[in-house]
Amino acid sequence: MRVSKLFGKTLRDDPADAEVASHRLMLKAGMIHQAAAGIYSYLPLAWRSLRKIEQIIREEMDVAGGQEVRLSALQPRELWDASGRTEILGPQLFQLEDRRDRPLVLAPTHEELLLTMVKANVHSYRDLPMILYQIQTKFRDEPRPRAGLMRVREFDMKDAYSFDIDEDGLDVAYQAMVRAYRKIYARCGLDAIMVEADSGAIGGKDSHEFVLLADSGEDTVLLCEACGYAANAERAAFTKPPLPEEEPLPLEEVHTPGVTTIDGLAEFLGISAAKTFKAVFYMADGEFVFVAIRGDLDVNEVKLRNALAASELRLATPAEVESAGIVAGSASPVGLSGVRTVVDDSVHLGSNFVVGANRHDYHLRNANYPRDFKADMVADIALAEDGYICPSCDSRLKARRGIEVGHVFKLGTRYSEPFGAYFPDADGNDRPIIMGCYGIGVGRMLAAAIEQHHDDKGIKFPAPIAPYHASLVALNVADPEVVACAEDVYARLGEAGIEVLYDDRSETAGVKFNDADLLGLPLRIVVSARNLAQDAVEVKGRSESVAAAVPKADIVDRVREMLSGSYPQEAER
RNA sequence: CGGGGUGUAGCGCAGUUGGUAGCGCGCCACGUUCGGGACGUGGAGGCCCCGGGUUCGAGUCCCGGCACCCCGACCA
């Protein structure tokens with residue numbers, strides 16, 4: 001491709017509305033165009049890269065035994081009404097009507113439709129196991145699109161679904177998908193780590209996320225360098241430091257004027273926050289819930305939601321707290337009745353806690369569970385944070401930000417049962433299909449790759465997903481010899497199957513070099529009068545600082561060598 | 001949905017007490033240059049986000065919308 005003909009122009013100034021690197025660089029390099037918040041079009045450069053990512057995913061899905069399907073994006077809303085997800089998804093679901101006022105939705109995911117197809121086509125245990133996948137556009141009206149391609153409302157996603165007769169089969173499929181995912185990221189030149197994840201509202205048991213560590217990421221993950229434990233913060237467990245066991249002392253009221261916070265309370269009484277118990281109030285599916293946790297810990301709302309099996313969870317408003325008869329600032333589980341109470345299991349790790357007295361300016365010393373208060377539920381609802389103790393060894397966890405680029409779930413019968421996806425087993429008994437689902441965001445992969453591979457000059461594309469393999473820069477196109485050589489090199493590389501972006505524009509060296517660095521193809525080949533004097537052209541890797549002079553005749557071999565050398569996993573294939 | 005910010009040329013921005021819009025980059029033409037965002041000369045390019053209002057007169061003041069960005073809430 002000649003740059004003079006390429007659709008898409010680079011920008012000299014940084015676009016004002018882009019803060020994260022991938023967004024800024026893709027706009028600046030002329031790769032993407034924004035239509036509205038979280039809605040982007042892809043220009044040729046981005047689209048080439050995305051297609052390469054898709055192709056890598058497709059190949060690995062096929063190796064893992066997947067069959068590609070293509071499902072309709074426009075779907076009747078009644079399908080979603082039937083699964084109850086019209087309501088669950090709420091405003092996130094794009095809805096429209098056809099000319100006869102029939103309600104339709106733009107599919108945010110495809111479980112519903114796929115299940116109806118599976119029901120129609122799976123008639124026996126002999127049809128299983130099976131893996132289906134699709135790579136196509138999904139629509140979600142996100143509350144807050146952000147960071148360029150990182151979180152958008154229209155996006156391409158690979159979704160795979162496994163269908164098995166039993167849990168053992170699911171385990172096999174799950175492991176095959178995990179292996180495929182690891183290969184996909186490796187082939188794309190991405191350093192993704194697998195972390196334990198919450199399965200969220202999609203349900204199911206085991207769940208893992210694939211995460212690229214990056215400060216611009218939306219997720220927080222906790223990692224243990226010593227034993228390899230890795231989990232999303234929503235899911236992460238940790239060892240809660242125990243307090244010395246004390247003889248239970250009698251409950252005793254203490255005057256605490258003006259004290260309404262845990263820090264204030266600890267300071268006032270000269271004790272550590274861990275010796276206190278704090279109260280937090282939530283509304284879970286409309287029901288008021290009193291939550292208590294040791295003063296040094298914070299509530300993990302995802303764990304709490306799971307413990308309560310609630311679909312909607314939010315902090316209670318001050319008015320709701322008051323109408324529940326709670327004295328905010330001195331709230332206490334002691335003497336509480338008629339309110340659902342959840343207590344973190346840290347209640348077992350200590351004694352003689354200081355709690356509120358349900359009376360302004362008073363707290364209670366020496367509260368002990370279960371002597372002084374009851375709970376409807378005791379569970380781990382604590383949020384893991386940086387520096388906490390690893391749950392599987394005694395090292396410290398590190399908190400890092402990351403970009404979620406893949407998520408795998410063991411769904412079990414979560415969808416097959418309600419959708420009636422049953423099959424007769426060898427004994428003729430109907431059994432629900434055991435399912436797994438496995439997603440990768442294609443556009444987010446591209447954004448994440450750029451987050452992970454860039455410098456102050458621009459992108460540094462991993463070769464397998466670069467829009468082209470090399471930039472060919474002709475310096476001074478007014479010089480006929482330079483042009484002749486560049487054309488010759490362009491033609492020969494093209495014949496050798498190497499994808500070259502040929503900068504044939506009448507621009508100065510600085511402009512061309514800067515644009516080449518900005519787009520960040522793996523190699524840069526320069527043809528100039530200076531090199532031509534030695535019958536050479538020069539080749540430089542995007543990350544290298546000095547270029548190598550290569551005899552003109554050797555250029556094809558040399559480029560091939562350098563491309564395979566930088567990505568051995570590609571060369572092996 | 002709450003908080004903050006921004007809407008003026010393709011991009012980045014300025015615009016004074018209200019007086020009919022400018023700079024840089026980019027773009028077009030010609031010439032000189034030619035290894036890290038060159039230079040000269042000449043040009044083109046505007047629904048000042050939208051709608052009301054005040055005023056002789058509004059990019060500017062007032063009211064009401066909308067859009068986009070950031071933080072938070074939310075996020076199969």
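Numbered from 1 within each chain, the chains take letters A, B, ... in sequence-line order. What you see below is based on every heavy atom in this structure, not just the backbone, and it leaves out hydrogens, waters and symmetry mates.
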Query raised in the report: Distance-only, no hydrogens or angles: does the S162(A) side chain make a donor-acceptor pair with backbone N or O of G436(A) under 3.5 Å?
Result: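 Judged by distance alone, yes, a pair lies under 3.5 Å.
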Could you go over nucleotides 41-47 of chain B and give all protein N or O partners under 3.5 Å, atom names and distances?
none

Per the atom types in the model, does the base of [N] pair as donor or acceptor with the side chain of [X] at under 3.5 Å?
| X | N | result |
| --- | --- | --- |
| R144(A) | rC75(B) | no |
| R524(A) | rG36(B) | yes |
| E538(A) | rG35(B) | yes |

What nucleic acid atoms does [X] come within less than 4.0 Å of, heavy atoms only: base, sugar-phosphate, or nothing?
| X | value |
| --- | --- |
| A529(A) | nothing |
| E218(A) | nothing |
| A147(A) | sugar-phosphate |

Requested in this report: Assess the side chains of W80(A) and Q75(A): does a donor N or O sit below 3.5 Å from an acceptor N or O?
Outcome: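 Yes, side-chain donor-acceptor contact under 3.5 Å.
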**Report entry** Rounded C1' spacing from rG26(B) to rG37(B) in Å
**Finding:**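 Per the computed distance, 12 Å lies between those C1' atoms.
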Query raised in the report: Is any side-chain nitrogen or oxygen of S528(A) closer than 4.0 Å to OP1 or OP2 of rG35(B)?
Result: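 For rG35(B), neither OP1 nor OP2 has a side-chain N or O of S528(A) closer than 4.0 Å.
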In whole angstrom, give the distance that lies between atom [atom1] of [X] and atom [atom2] of [N].
| X | N | atom1 | atom2 | result |
| --- | --- | --- | --- | --- |
| F513(A) | rA38(B) | CZ | P | 12 Å |
| E19(A) | rU6(B) | CD | P | 14 Å |
| L93(A) | rC74(B) | CG | C1' | 16 Å |

Query raised in the report: So what stems show up for RNA chain B if we need 3 or more Watson-Crick or G-U pairs in a row, all under 3.5 Å?
Result: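 Correct response: B:1-7 with B:66-72, B:10-13 with B:22-25, B:27-32 with B:38-43, B:49-53 with B:61-65.
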Short heteroatom pairs, N/O only, protein and nucleotides 7-13 of chain B, under 3.5 Å:
from    : atom 1 : to     : atom 2 : distance (Å)
rG12(B) : OP1    : A16(A) : N      : 3.2

Query raised in the report: Partners of Y174(A) by side chain to side chain donor-acceptor pair (under 3.5 Å), sequence neighbours excluded?
Result: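 In terms of side chain to side chain donor-acceptor pair (under 3.5 Å), with neighbours along the sequence ignored, Y174(A) is linked to H208(A).
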Report task. Name all pairs fulfilling the salt bridge (Lys or Arg N to Asp or Glu O under 4.0 Å) condition that reach into residues 3-16 of chain A, sequence neighbours left out, sorted by first residue then second. Result ->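 Listed once each, the pairs are D14(A)-K28(A).
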Query - First encountered from the 5' end of RNA chain B, between A37(A) and T10(A) - result: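 On the 5' side of the pair lies T10(A).
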Report task. Specify the residue among N476(A) and L518(A) whose closest nucleotide of RNA chain B lies further upstream toward the 5′ end. Result ->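 Closest to the 5' end, via its nearest nucleotide, is N476(A).
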Nucleotide of [options] approaching [X] most closely (side-chain heavy atoms):
| X | options | result |
| --- | --- | --- |
| D517(A) | rG36(B), rC75(B), rC69(B) | rG36(B) |
| N531(A) | rG35(B), rC71(B), rC68(B) | rG35(B) |
| P143(A) | rG36(B), rG35(B), rC74(B) | rC74(B) |
| K28(A) | rG35(B), rC34(B), rG37(B) | rG37(B) |

Query raised in the report: Residues in side-chain contact (heavy atoms from CB on, under 4.5 Å) with K278(A), at least two apart?
Result: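 For K278(A), the residues satisfying side-chain contact (heavy atoms from CB on, under 4.5 Å) (neighbours in sequence not counted) are I262(A), I293(A), D298(A).
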Query raised in the report: Could you state the interatomic distance from CG (L132(A)) to CG (D159(A)), rounded to the nearest 0.5 Å?
Result: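 So the CG of L132(A) and the CG of D159(A) are separated by 11.5 Å.
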